[in-house]
Chemist: 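Here it is: the structure, laid out below.
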Number of protein chains: 2
Amino acid sequence: MFQQVGDGRARGRTDAAGGAGDENSFLGHGLPDNIEYVGKYIVTRRFDYVKKNIVIPCARWRNLGAMRVSDLKETAAGKEKPLKYVLLAGIYNEPRSGYELTKWLQMVGQHCWSVEHSSVYPALRELEKDELIQSERLPGTRGPDRSIYSMTAAGLDKLRAWVANGSPRPAIKDEQILRVLCFDLLPRDTALQQIREVRADHQVQLEFFLARQAMLTERQLGPLLVARRGVLAEQAYIAWCDEVADMIARRPA
Amino acid sequence: MFQQVGDGRARGRTDAAGGAGDENSFLGHGLPDNIEYVGKYIVTRRFDYVKKNIVIPCARWRNLGAMRVSDLKETAAGKEKPLKYVLLAGIYNEPRSGYELTKWLQMVGQHCWSVEHSSVYPALRELEKDELIQSERLPGTRGPDRSIYSMTAAGLDKLRAWVANGSPRPAIKDEQILRVLCFDLLPRDTALQQIREVRADHQVQLEFFLARQAMLTERQLGPLLVARRGVLAEQAYIAWCDEVADMIARRPA
DNA sequence: TTCACCATGTAAGGGGTTACATGATTGC
DNA sequence: GCAATCATGTAACCCCTTACATGGTGAA
């Protein structure tokens, strides 16, 4: 019940602290409350090994190391990769084909989770294999037939559990901000023109989200709020572009 | 000069259209203007193979296929992975160690390019090997010595060329927006509490960027504008959270 | 003495993109 | 008939995260 790590370097204790009576004690220390996924016992030697799903407060365990954090992984049960939940969310709002999900993510989902079609189709097949979604073959309005996916009861439960959880912070990769960081490397006019082009691109995005917002009512609260996020995010980006342009324009060179 | 693809399925022409006189013609068609990186000749059979760096307008080339788009890759010369430019940008603004760059990206660069330290150190070594940066060993103020990296002339040129280019659109992964999309799966109070927690987290971020903005002047225009982006982005996120909370609160269930 | 932080590294693996592939249908 | 879009798929590979690793310093 207490697995020894087989790398020959383990120097810690390997005896079990187990037994029914001391389920909450480990080598004399009480287990901290904020441990979320615990199989039976925890030993780790570094605070920074332990993030996000499993939190252990500090190096109190430092010299006890024999078991690895990764041994706990299996206890974080039923965790799917994020894309699967993204697809479940898309299907929940409206039964969709793989093609439609891809388009939806690339248009509407621009600002939350954009992926290529080559990731979507395999993920859908896995979801169907796990019976979280089901498919129906329908003739295409134009073009070939497509498989329309819809939720199952199990899928709905899974999605609900995911929605109830907290999110990690948004992960953003935006090279443009870093280019602006180095704008003093460029002649003023080059910089100005670049930021104008960026602004124009976000203006197009903004208009898309505004149009989408206008199509929706409070009856479709979820999609409306997602569109609102698009509007607010693009407006903020455009406002920033304007500030950048102003500041650059006032610059001497 | 016109490479035949060796998969046995190539059915196209393999004769060169080359020669000094017809540099801009190919099999009777003029090359479109919007091709950015062209080695010598292009044949492709799908529009959607061709993205971002190389743009070919349509299936006009469809039945000419013999060469693959990937054969063009080497012509997009000197392209490094984005992280390297990110690090160059960080070092350009101020000589920094790997540890400092990691911290900088995780704090200041939250909203543009956050990475773990295990990606940073190898990338720095590659940059140094290519002589785009140089390092100096300095005693740590507290803790062990560290390698402080600074730009070389070659690195500065490389960075300037990158800054002058356009950026791809920001890539964002934000699960929270998709959770909101499905908020009607949750009891109203659960949803409200979740969005309040998210708001609080972004409030903390906002205050960080406000403090940083207050530290900077127009003398350090780049860093100031990056901080401004943080402020505007977080304000927009908080405004969205408030709208979400309002809408959810007015909801019946 | 413990805790938190400083500072740097390697190995494995995951999740995603890119390139490659096919072929039907509608619109100009 | 060319162009664009609909619709789905596979294989290779890349970048980054996660986990694992070491060890010094300063504050309570």
Side-chain angles (χ1 to χ4, degrees), chain A residues 5 7 9-10 44-54 57-63 65 67-73 80-84 86 97-103 113-125 137-148 168 171 173, chain B residues 5 7 9 29 44-54 57-63 65 68-73 80-84 97-103 113-125 137-148 168 171 173:
Chain A
V5 171
D7 68 353
R9 260 194 280 173
T44 185
R45 303 193 297 119
R46 279 288 180 284
F47 174 68
D48 60 329
Y49 291 174
V50 184
K51 308 165 77 162
K52 288 161 193 168
N53 290 319
I54 304 164
C58 64
R60 212 163 81 193
W61 320 95
R62 191 164 198 166
N63 296 309
M67 192 177 182
R68 292 186 182 162
V69 173
S70 47
D71 295 329
L72 290 170
K73 256 192 162 175
E80 311 278 358
K81 55 179 156 183
L83 175 57
K84 287 201 193 178
V86 171
S97 68
Y99 188 81
E100 286 167 329
L101 283 164
T102 306
K103 288 286 159 196
W113 205 282
S114 190
V115 282
E116 299 298 319
H117 72 271
S118 54
S119 310
V120 169
Y121 292 109
L124 285 172
R125 255 176 286 136
R137 197 82 190 160
L138 288 182
T141 46
R142 68 179 153 181
D145 294 358
R146 60 250 160 85
S147 298
I148 305 290
K173 307 258 145 153
Chain B
V5 172
D7 67 353
R9 260 194 279 171
H29 304 285
T44 186
R45 304 195 298 119
R46 279 289 180 283
F47 174 69
D48 62 327
Y49 291 176
V50 184
K51 309 165 76 164
K52 288 163 192 164
N53 290 319
I54 305 162
C58 64
R60 211 162 84 192
W61 320 94
R62 190 164 199 168
N63 295 309
R68 291 186 183 162
V69 173
S70 48
D71 295 329
L72 290 171
K73 255 192 163 172
E80 310 277 358
K81 57 179 156 183
L83 175 57
K84 288 203 192 176
S97 69
Y99 188 81
E100 287 167 329
L101 283 164
T102 306
K103 288 286 159 197
W113 205 283
S114 191
V115 282
E116 300 297 320
H117 73 270
S118 55
S119 310
V120 169
Y121 293 108
L124 285 173
R125 255 175 287 136
R137 198 83 190 160
L138 288 182
T141 46
R142 71 179 151 179
D145 294 359
R146 59 250 162 82
S147 298
I148 305 289
K173 306 258 146 153

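The sequence lines fix the lettering, A, B, ..., with proteins before strands; numbering per chain opens at 1.
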Chemist: Without decimals, in angstroms, what is the distance between Ile148(A) CD1 and dC6(D) C1'?
Modeler: 12 Å
Chemist: In this structure, how many angstroms lie between the P atom of dT5(D) and the CD atom of Glu100(A), rounded?
Modeler: 16 Å
Chemist: Tell me every residue that passes side-chain hydrogen bond (donor to acceptor under 3.5 Å, both in side chains) with Ser114(A), counting only those two or more places apart in sequence or in another chain.
Modeler: none
Chemist: The side chain of Leu83(B) lies closest to which of these nucleotides: dC16(D), dA7(C), dT8(D)?
Modeler: dC16(D)
Chemist: Could you give the CG-to-P distance, from Leu124(B) to dT10(C), as a whole number of Å?
Modeler: 12 Å
Chemist: Would you say the side chain of Val86(A) lies within less than 4.5 Å of the side chain of Val115(A), judging by non-hydrogen atoms?
Modeler: no
Chemist: Kindly indicate whether the side chain of Ser97(B) and the base of dT8(C) share any N or O donor-acceptor pair separated by less than 3.5 Å?
Modeler: no
Chemist: Can a donor-acceptor pair under 3.5 Å be found between the side-chain atoms of Ser147(B) and the base atoms of dT8(C)?
Modeler: no
Chemist: Just how far, in rounded Å, is P of dA7(D) from NE2 of His117(A)?
Modeler: 13 Å
Chemist: Base, sugar-phosphate or nothing for Arg125(A)? Non-hydrogen atoms, less than 4.0 Å.
Modeler: sugar-phosphate
Chemist: Could I get the full list of side-chain hydrogen bond (donor to acceptor under 3.5 Å, both in side chains) partners for Lys84(B), not counting sequence neighbours?
Modeler: Glu80(B), Glu126(B)
Chemist: Would you kindly give the CD-to-C1' distance between Glu80(B) and dC15(D), to the nearest whole Å?
Modeler: 14 Å
Chemist: Kindly write out the residues that satisfy side-chain hydrogen bond (donor to acceptor under 3.5 Å, both in side chains) with Ser97(B), not counting sequence neighbours, or none if the list is empty.
Modeler: Glu100(B)
Chemist: Take the protein atom CD of Glu116(B) and the nucleotide atom C1' of dA19(D), then report the distance between them rounded to whole Å.
Modeler: 11 Å
Chemist: How bent is the helix from dT1(C)-dA28(D) to dC28(C)-dG1(D), measuring the angle between the end axes built from five pairs each, rounded to 10°?
Modeler: 40°
Chemist: Kindly write out the residues that satisfy side-chain hydrogen bond (donor to acceptor under 3.5 Å, both in side chains) with Ser119(B), not counting sequence neighbours, or none if the list is empty.
Modeler: none
Chemist: From the set dC16(D), dA7(D), dG16(C), return the single nucleotide nearest to any side-chain atom of Ser119(B).
Modeler: dC16(D)
Chemist: How long is the line joining CZ of Arg137(A) and C1' of dC6(D), in whole Å?
Modeler: 12 Å
Chemist: Check every strand shown and say whether Thr102(B) touches a base, only sugar-phosphate, or nothing at a heavy-atom separation below 4.0 Å.
Modeler: nothing
Chemist: With sequence neighbours excluded, what pairs up with Pro122(A) under the side chain to side chain contact (heavy atoms under 4.5 Å, CB included) test?
Modeler: Arg125(A)
Chemist: Could you tell me the separation between the NZ atom of Lys103(B) and the C1' atom of dA7(C), rounded to a whole number of Å?
Modeler: 11 Å
Chemist: Under 4.0 angstrom, heavy atoms only, what part of the nucleic acid is Val115(A) near: base, sugar-phosphate, or nothing?
Modeler: sugar-phosphate
Chemist: Start with the C-alpha gap between Val120(A) and Tyr99(A), add the side-chain angles, then the distance that decides, and say whether side-chain contact (heavy atoms from CB on, under 4.5 Å) holds.
Modeler: CA-CA 9 Å; Val120(A) 169; Tyr99(A) 188 81; over 6 Å; no
Chemist: Could you tell me the separation between the CG atom of Leu83(B) and the CH2 atom of Trp113(B), rounded to the nearest 0.5 Å?
Modeler: 7.5 Å
Chemist: Check whether any side-chain nitrogen or oxygen of Ser118(B) sits under 4.0 Å from OP1 or OP2 of dG9(C), and answer yes or no.
Modeler: no
Chemist: Kindly point out which of dC16(D), dT8(D), dC5(C) is positioned nearest to the side chain of Tyr99(B)?
Modeler: dC5(C)
Chemist: Tell me which nucleotide among dC6(C), dG9(C), dG9(D) gets nearest to the side chain of Tyr121(B).
Modeler: dG9(C)
